[in-house]
Protein chains: 2
Amino acid sequence: MPSNIVPSNIPDIVIGRLPIYLRALTRLEQEGREVTSSHELGQRLGISSAQIRKDLSHFGGFGKQGTGYQISYLIDQLKQVLKIDREWDVALVGAGDLGHAVANYRGFSDRGFRIVAVFDNDSAKIGQAVGKLTVRAFSEMEAFVREHNIKVAMIAVPAQNAQDVADQLIKAGVRAILNYAPISLNVPTGVYVQYIDPVVHLQRMTYYLD
Amino acid sequence: MPSNIVPSNIPDIVIGRLPIYLRALTRLEQEGREVTSSHELGQRLGISSAQIRKDLSHFGGFGKQGTGYQISYLIDQLKQVLKIDREWDVALVGAGDLGHAVANYRGFSDRGFRIVAVFDNDSAKIGQAVGKLTVRAFSEMEAFVREHNIKVAMIAVPAQNAQDVADQLIKAGVRAILNYAPISLNVPTGVYVQYIDPVVHLQRMTYYLD
DNA sequence: AACTGTGAAGTTTTTCACAGCC
DNA sequence: GGCTGTGAAAAACTTCACAGTT
C-alpha cells in the first residue's frame, strides 16, 4: 500500500504558500478556533478561496465538504508536507549585528528550526557569547557541519564573503541556505537558496508610490 | 512629446525582479565592468536571458543590439523606474533586538532609503539611542509621520501589535510597509506590504530536503 | 445550507526563435 | 558574430463553476 508516495510535481509556487497558510492557521488556533474554511483563510491572507483549496488538494483531501478544515489536523498535515514535523538544526554564519539579531530571534524554535552553532572568522568575536551559543571559528565550520549532519544554514556575512561561505557550507553537506547578504549565490542543483534583502522589498514597493 | 508616460500595466512580477537586476548590475559596476548582456546577467542570477530582455523591454530599449547594456546607464534607468533616483525617508517601529539590527544595517542608505525615526511604546526604551537615532514614543508617531510626509515604514514589533501599528501608520499617510512581524496584515488598496519572515523562507526549503 | 475538491476555462508568465541592428 | 527587442507559441498558474458530501 504505497500511501507515502511523495507527489512529485507540486509547483514551487504552491510550496511557497504553504508556510503562509500554516502561519495563519497557527494564529487561528491560538485564537481558540477549531475549524476554518478556505474562504475565511483566504480573506485573512488576501488569497482566493479557490486557490487555497486547489493548493491543499495537491496533497490530499484535508477538508470536509460542508464543514471546512479542522485546524489542528490541517496544521499537522502541512507540517508533515513541509517536513517540519521534526526540528532542523541550523548553522548560522556571521556574528555581526545581523548575526546577533538572527541568533536572538525567538521565532525559530517553535516553528521547526534550532540554531545550533554560530561561526565567524573575526578572531575578536570567536569565543564570545551570542545568545546561548558561543561563536566558533570559521575554520571549524566544515567539520562541525559535517559531523552534526547539518542541512540548513543561514548566511549573515558581508556580501563579498557570502559566496565563499556558501561554497564551504555546501561542501560540508548543507542543502538549504537562507542568505541575508545582498547578493545572488551560485549553487549546484539540489541546493536551495532563499534570500532576505530588505532593500529589495522596499524597492519593489516604491515603484507604486507617486 | 509625451516621453514621460508611465507604462500603466507592468506585471508586478516584473517589478519584483527589477531590484534583483539592479543589485547584480551594481555589483558588476563595482567589479569595474562597463557593459553586460542579458545572457551574462541571466547566468549570474539563474534567470533566462529572454526573460531579462523582455522585462527590460517593458520600459523601453535600454540595450544596443550586438553590444548589450551599458551598466551605468541601465542602473540609472532602473533607479528611475523604481523611483529610487531619490532618497525615501523611512520610519522604523520597534526598538527591540530586531529593530536595533534593522536600524544599524548599513545597506539602506546607498540604495535609496534612510531611516529617519525609530518608535517604540516601551517607556524604558524611549530616549535610548539606536544607532544615530533616539527612540521616540509611539504616541508621537502619527504626528511625526504626517509632518515629515513619510510614505515608507518598517514594522519590527511583536506579531500581536503589528496590525495596530500598521493601522496607525496608514492613518498617518504611510503607503508602503515592510513587515518583519510574522503575521499577514490587512491593508486598504493603495497601500503596499512586503513581508520578511525568515521561518517562512526556511520552511519553503525543507520541503525539498530528504 | 455550507463547503470541499476538481475538471475546464481563462489569464498570466515564460520561452522560443528570429528579424534587425551594431 | 553577437546581441537586443518582440511577436508568436508554449507552459504555468489562477479562477470559475458545479457535482458531490456532510
Asks: When you match Val14(B) and Ser57(A) each to their closest nucleotide on DNA chain C, which lands nearer the 5' end?
Replies: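 Nearest-nucleotide comparison on DNA chain C picks Ser57(A).
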Asks: Within the 4.0 Å heavy-atom criterion, would you say Ile13(A) contacts the bases, only the backbone, or no part of the nucleic acid?
Replies: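 Here Ile13(A) touches the backbone only, sparing every base.
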Asks: Is Asp197(B) salt-bridged to Arg204(B), cutoff N-O under 4.0 Å?
Replies: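 Judged by the 4.0 Å cut-off on N to carboxylate O distance, Asp197(B) and Arg204(B) do not form a salt bridge.
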Asks: Roughly, in whole Å, what's the span from CD1 in Ile10(A) to C1' in dC13(D)?
Replies: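 Whole-Å distance recorded here is 14 Å.
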Asks: Please report, rounded to the nearest Å, how far the P atom of dG2(D) is from the CD atom of Gln70(B).
Replies: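 Gln70(B) atom CD is separated from dG2(D) atom P by 22 Å.
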Asks: Any chance you could lay out the side-chain contact (heavy atoms from CB on, under 4.5 Å) test for Ser37(B) and Tyr69(B), step after step, and finish with the verdict?
Replies: CA-CA 6 Å; Ser37(B) 66; Tyr69(B) 300 91; 5.6 Å; no
Asks: Quickly work out the Lys64(A) NZ to dT4(C) P distance and round it to whole Å.
Replies: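 That distance rounds to 12 Å.
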Asks: Expressed as a whole number of angstroms, how long is the span from Ile52(B):CD1 to dC3(D):P?
Replies: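 Going from CD1 in Ile52(B) over to P in dC3(D) covers 13 Å.
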Asks: Would Asp55(A) and Arg17(A) pass as an ion pair if we require N to O under 4.0 Å?
Replies: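 So Asp55(A) pairs with Arg17(A) through a salt bridge.
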Asks: Is there a side-chain polar atom (N or O) of Ser48(B) under 4.0 Å from OP1 or OP2 of dT14(C)?
Replies: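 No, outside the criterion.
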Asks: Would one find a side-chain N or O of Gln65(B) under 4.0 angstrom from OP1 or OP2 of dG20(C)?
Replies: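 For dG20(C), OP1/OP2 do not have a side-chain N/O of Gln65(B) under 4.0 Å.
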Asks: Using a strict threshold of under 4.0 Å (side-chain N to carboxylate O), is an ion pair present between Arg146(A) and Glu142(A)?
Replies: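 Judged by the 4.0 Å cut-off on N to carboxylate O distance, Glu142(A) and Arg146(A) do form a salt bridge.
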Asks: Would you mind reading off the distance between Leu56(A) atom CG and dT6(C) atom P, rounded to a whole angstrom?
Replies: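 So the two atoms are 11 Å apart, to the nearest Å.
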Asks: Measuring to OP1 and OP2 of dG5(C), would you say a side-chain N or O of Tyr69(A) lies under 4.0 angstrom away?
Replies: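 True: Tyr69(A) side-chain N/O within range (under 4.0 Å) of dG5(C) OP1/OP2.
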Asks: On DNA chain D, does the nearest nucleotide to Arg53(A) precede the nearest nucleotide to Phe62(B) from the 5' side, or the other way round? Give the residue.
Replies: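 It is Phe62(B) whose nearest nucleotide is closer to the 5' end.
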Asks: Looking at Tyr208(A) versus Tyr192(B), is the centre-to-centre ring distance below 6.0 Å?
Replies: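 Ring centres of Tyr192(B) and Tyr208(A) closer than 6.0 Å.
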Asks: Which whole-number value in Å describes the distance from His58(B) NE2 to dT4(D) C1'?
Replies: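 Going from NE2 in His58(B) over to C1' in dT4(D) covers 15 Å.
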Asks: Between Arg175(A) and Asp210(B), is there a side-chain N and carboxylate O pair less than 4.0 Å apart?
Replies: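 A salt bridge links Arg175(A) with Asp210(B).
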Asks: Lys54(A) has an atom NZ; how far is it from atom P of dC18(D), in whole Å?
Replies: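 Rounded to the whole Å, the gap is 15 Å.
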Asks: Within residues 17-44 of chain B, find the residues that approach DNA chain C with a heavy atom at under 4.0 Å, and present them sorted by residue number.
Replies: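 The answer is Arg17(B).
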Asks: Please determine whether a side-chain nitrogen of the Lys or Arg among Glu40(B) and Arg27(B) lies less than 4.0 Å from a carboxylate oxygen of the Asp or Glu.
Replies: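 Looking at Arg27(B) together with Glu40(B), the answer is no, because their closest N to O distance does not fall below 4.0 Å.
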Asks: Between P on dA11(D) and CG on Asn9(A), what's the gap in Å once rounded to a whole number?
Replies: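 Nearest whole value for this atom pair: 14 Å.
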Asks: Which is more 5' along DNA chain D, the nucleotide nearest Gln51(A) or the one nearest Asp55(B)? Just name the residue.
Replies: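 Mapping each residue to its closest nucleotide by heavy atoms, the 5'-most match is Asp55(B).
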